[in-house]
Protein chains: 2
Amino acid sequence: MPVGISIKLNSGLYLRDPQATKLGKSIIKNSILLFEEIGFEAFTFKKLATKIKTGEASIYRYFENKHYLFLYLVSWYWEWVSFLIDYNTKNIIDPKRKLKIIINTFVFASKDNPSIDYVNESVLHKIIISEGTKAYHIKDIDEENQEGFFLNYKQMVAKVADVIAEINPQFEYPRALASNLFEMANDHIYFAKHLPRLTDVKVKGEDYTEVEKMLELFAKKLLAK
Amino acid sequence: MPVGISIKLNSGLYLRDPQATKLGKSIIKNSILLFEEIGFEAFTFKKLATKIKTGEASIYRYFENKHYLFLYLVSWYWEWVSFLIDYNTKNIIDPKRKLKIIINTFVFASKDNPSIDYVNESVLHKIIISEGTKAYHIKDIDEENQEGFFLNYKQMVAKVADVIAEINPQFEYPRALASNLFEMANDHIYFAKHLPRLTDVKVKGEDYTEVEKMLELFAKKLLAK
DNA sequence: CAGTTTTGATAGTAAAACTAATAAAACGTA
DNA sequence: TACGTTTTATTAGTTTTACTATCAAAACTG
C-alpha cells in the first residue's frame, strides 16, 4: 500500500497550510466527517469548531470560508484519484487494461487504500458522490479557474484522456469521455442509492460492481473502431 | 408555437400556488432572473423581495425556503423539456429520428419557444446548466423523493428511455443513457464555457451545436448493434 | 530561555433565515 | 354595492450564520 505519499494542493485554497499543523490536520479530518454527517448546506465553521473543541476564529485562520475548505477536500480527492491511477496502472502497458483499472479506481476510489491518517478517503468518496460537483458549480467559477483551483481535476482528466487516445486515436472526444466516466461513476452510484429510476444499475451497500460494468461497456462501445 | 400549455407541478413544492396569483407569478419570473444574476448561494428572499418590491414575508407564504423555490423552477424545467420532447417528436415514428430530436431539445431547450410569459425559459436553461443538479444533491434527498418531488425528472427520463429501448431493445442501460445524455448536455456546455480542458467541444455564445454532435455520436455508438 | 508563531477565549457586527401580528387592499358573491 | 373572505404590505422581532478584532496563554524555534 502507498507509503509516504504527499498530496500537494494549490496554496491559494487556504490561508495557512492545514497539513503543516496539528490543528490543521484536525480541521481536515473532522470537516470530512462533518460534511458527510450533515451535508454541505448545514455545515458551518461553528459546528466544526465545536466538534474539534476549538474556536471558530481558529478555523478562519486556515480557510477563508466553507467553500474553500470544501474545494480543498475535493481537490484532495482529485489528486488522490490521480495518484491511485498511477499507482494501480504502474507497469501496465496495454491501454485497454489501463482504462479498466481507471474505471475501477473511479468507482471504488479508496477501497482498502489507507494513506494519510487524517484523511478518511472512504468518507471523502461519499462526499464526492453526493455533493462533489458543488465545488465548481459556483458563481465565481472563472475567477477561481484563473487562480488554478481546478488544475487537479484537469490533470486527472488529461491523464485518463491520454489512455483513451491511446486506445483509439481516432476518437474525437477523449477528454469529454474521461470527465464523463468520472462524473457518471459518481452520478450513478448516487442515483442507484437515492433516485433509482434515473439509472439501470443497482448498488448494494458499498458494492458498486454494476456501475463498474456499465462504465466498461460504455467505454468499450464508444472506443470501438 | 405552443399555446395554452400548462405546467403542473407537485403541490408539495409550494405553500401557495404561485401560478394562481399575480405576486406568485412575479416571484417565479423574478426568481429566475435573480438566480441567474447572483447564483444560488447569494440568492436570498430578502433580495428577491426588494427586486419585486414586496416584503420578505410575502414570499415565505409561497415557498418554505429557497431550496423549494429552486426545486420548483428546476421541476418546471424538467416538465418543460418533457413537453418539448412530445411537441417536437409529434407524428415522428422512427425512434432514431426521435432521439436526435430529444438530443436537440436537451441542448437547445428553449430556443425560440415562448410559452408562458412569466417564465423566461432561456434564462431558466442557463440556471439549469450552471446549477441545476443542486436541486437533488441535498441531505434530505430520500424524504423529498418520497414526497414525489423528482417525478418530473423521472418521467422525462422514462420517456427518453422508451425511445432508446425502441432503437435497441438489447441495450442494457436505457435509463442510464437517458439521464446521462441530459446531464452531459448541461455539463459539457458548462465545461466548454468555464472549464474547457474537461471537454473537447467548443461553444460560441449560444451555439451549442458541437455538444449536440457529440451527444449524437455517443448515442449512435452506444446503441449500435 | 527569549522571541516568534500559533492557539484559545471572548466579544462583537452585519446579514440571512425565518416567524408573528395586524392593518390595508383586493376579490368574490349575495 | 356592500360584506365577508382572502391576499398583501408593513413592521418588528428572534435565532443562526458568517465573519472580524483583540489579547492573553501556550507552544514551538533557534
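These values consider heavy atoms only, across backbone and side chains, with no hydrogens, waters or symmetry-generated copies. The chains referred to below are lettered A, B, ... by the order of the sequence lines, with proteins before strands, and numbering in each begins at 1. Every value quoted in this text rests on a predicted model; they were computed, and no experiment measured them.
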Just checking A/Tyr62: base, sugar-phosphate only, or nothing, at a heavy-atom cut-off of under 4.0 Å?
sugar-phosphate
side-chain N/O B/Thr21 vs D/dT8 OP1/OP2, d < 4.0 Å
yes
Parallel under 30°, tilted from 30 to 60°, perpendicular over 60°: which one fits the rings of B/Tyr68 and B/Phe149?
perpendicular
Starting at CD1 of B/Ile38 and ending at P of C/dA16, how long is that distance when rounded to a whole Å?
9 Å
d(NZ, A/Lys22; P, D/dA27) in whole Å
9 Å
Interatomic distance, B/Phe63 CZ vs C/dA16 P [rounded to whole Å]:
20 Å
Contact pattern, 5' to 3', of nucleotides 17-23 of chain D - B, S or - by protein heavy atom under 4.0 Å:
SBBBB--
With a 4.0 Å cutoff (strictly under), does any side-chain N or O of A/Thr54 reach OP1 or OP2 of C/dG8?
yes
Ring centres of B/Phe182 and B/Phe106 under 6.0 Å apart?
yes
Distance, rounded to the nearest Å, where A/Lys25 contributes NZ and C/dT6 contributes P
14 Å
Whole Å only: how far is the CG atom of B/Leu15 from the P atom of C/dA20?
13 Å
For the pair made of CZ in A/Arg16 and P in C/dT4, what is the distance, rounded to whole Å?
17 Å
Is any side-chain N of the basic residue among A/Glu41 and B/Lys66 closer than 4.0 Å to the acidic one's carboxylate O?
no
Over how many whole Å does the gap from A/Ile59 atom CD1 to C/dT7 atom C1' extend?
12 Å
Using the ring pair (Phe, Tyr, Trp, His ring centres under 6.0 Å) definition, which of the options B/Tyr77, B/Trp78, B/Phe83 pairs with B/Trp80?
B/Phe83
Tell me whether the rings of B/Phe45 and B/Phe43 are parallel (<30°), tilted (30 to 60°) or perpendicular (>60°).
perpendicular
Rounded to whole Å, CZ of B/Phe40 lies from P of C/dA17 at a distance of 9 Å
Charged N-O contact under 4.0 Å between A/Lys139 and B/Glu131:
no
Hey, can you tell me if A/Trp76 and A/Tyr72 have their rings parallel, tilted or perpendicular (30° and 60° cut-offs)?
tilted
